[in-house]
Amino acid sequence: EVQLAESGGGLVNPGGSLRLSCAASGFIFDNAWMSWVRQAPGKGLEWVGRIKSESYGGTIDYAPPVKGRFTISRDDSKYTLFLQMNSLKTEDTAVYYCTTDLNHSGDFDDWGQGTLVTVSS
Amino acid sequence: DIQMTQSPSSVSASVGDRVTITCRASQGISSWLAWYQQNPGKAPKLLIYGASSLQSGVPSRFSGSGSGTDFTLTISSLQPEDFATYYCQQANSFPLTFGQGTRLEIK
């Protein structure tokens, strides 16, 4: 059974930084493409970025609103995905979900429970 | 960016009803479309991928169709657990984008 557990969310001041982690189990993490998807309170879903597996070059793509501020990385030895968020803005306030793309098809097969990031002074 | 527009934004229906939700892409995306279900306070769940392929474990009352720019999600006979919000998502090109959601409510 695929399990994804996000952690690291919390309250941060505008301009601050936060690092999210996603611990994965139940599948071969090395082969998986992984994404972060977020959802602002009461709003819809927004894709944040994706990292391919190392066998596909580990290519990373970002959504325009976060490009240059957020960095996705992965540690395959620890089955863990990361999201480093810098220069945070109030509009980054959201629940952040870790997701899998096991078939490399661009959709999101499995989701974690999410972690809430609140950017406020 | 490819814009995804769902209709209706909300719909009321009864248990046993047949419901169809539409998703339109601002440009052609072939069959690179997925549908998700989200219950309040929960993570989304993948229902359909590749426009019409049913994700493992999803009941057969859910079906998807379409290609190009116009897509539909149909629930053939609504069950109590189906009252939720549904999102479409295009997987054709970056940035990956979602529809605004359709809230399915009990009549």
Side-chain angles (χ1 to χ4, degrees), chain A residues 1-7 9 20 22 24 26-27 32-52 59-70 72 94-116, chain B residues 1-10 21 23 25 29-58 62 64 66-67 71 73 84-104:
Chain A
E1 178 192 6
V2 172
Q3 293 193 9
L4 301 168
E6 302 92 338
S7 60
L20 306 184
C22 171
F27 62 102
W33 295 4
M34 303 292 295
S35 280
W36 289 96
V37 175
R38 68 185 181 181
Q39 186 170 35
K43 302 298 184 182
L45 301 168
E46 181 184 26
W47 174 74
V48 172
R50 183 189 74 184
I51 183 168
K52 291 183 176 180
T59 305
I60 308 172
D61 294 283
Y62 297 98
V66 308
K67 194 170 185 178
R69 300 187 298 121
F70 289 12
I72 297 174
V95 173
Y96 285 74
Y97 294 103
C98 166
T99 71
T100 64
D101 178 3
L102 301 179
N103 298 314
H104 304 170
S105 54
D107 46 55
F108 312 112
D109 308 302
D110 303 283
W111 299 63
Q113 84 286 352
T115 188
L116 176 61
Chain B
D1 298 5
I2 297 177
Q3 307 302 317
M4 306 301 292
T5 304
Q6 291 181 230
S7 60
S9 295
S10 65
I21 298 170
C23 179
I29 59 170
S30 186
S31 295
W32 296 101
L33 185 100
W35 289 97
Y36 302 86
Q37 176 193 64
Q38 186 177 32
N39 286 295
K42 302 293 186 181
K45 171 187 173 183
L46 177 65
L47 300 175
I48 301 285
Y49 63 94
S52 60
S53 297
L54 196 66
Q55 176 72 345
S56 176
V58 174
F62 291 92
S67 66
F71 302 86
L73 172 70
T85 300
Y86 293 85
Y87 294 93
C88 62
Q89 175 243 328
Q90 65 83 15
N92 181 77
S93 62
F94 290 117
L96 306 178
T97 48
F98 292 86
Q100 81 280 13
T102 294
R103 185 175 179 181
L104 177 53

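Order of the sequence lines fixes the chain letters, A, B, ..., with proteins taken first and strands second; residue numbering starts at 1 for each chain. Quantities reported herein were computed from a predicted structural model and do not represent experimental measurements.
With a 4.5 Å cut-off on side-chain heavy atoms, B:Pro95 and A:Tyr62 do not count as touching.
A:Tyr97 places no side-chain N or O within 3.5 Å of a backbone atom of B:Pro44 that could act as its donor or acceptor partner. Between the A:Gln39 side chain and the B:Ala43 main chain, no donor and acceptor come within less than 3.5 Å of each other.
The 12-atom threshold is not exceeded at CH2 of B:Trp32, counting heavy atoms of other residues, nucleotides or ligands nearer than 6.0 Å.
Residue contact with chain B, scored on non-hydrogen atoms closer than 4.5 Å, is absent for A:Val95. Within the 4.5 angstrom heavy-atom criterion, only side-chain atoms of A:Asp61, from C-beta onward, approach chain B. Contact annotation for B:Tyr87: only side-chain heavy atoms (C-beta onward) come within less than 4.5 Å of a heavy atom of chain A. Looking at B:Ala91, both its backbone and its side chain come within 4.5 Å of chain A, counting heavy atoms on both sides.
The line from CG of B:Leu47 to CG of A:Asp107 is 11.5 Å long, rounded to the nearest 0.5 Å.
Of residues 43-52 of chain A, those residues with a non-hydrogen atom less than 4.5 Å from any non-hydrogen atom of chain B are, in numerical order, A:Lys43, A:Gly44, A:Leu45, A:Glu46, A:Trp47, A:Arg50.
Chain B forms more heavy-atom pairs under 4.5 Å with one residue of A:Pro64, A:Gly114, A:Ser105 than with any other, namely A:Ser105. Of the listed residues B:Thr85, B:Asn92, B:Leu96, the one with more heavy-atom pairs under 4.5 angstrom with chain A than any other is B:Leu96.
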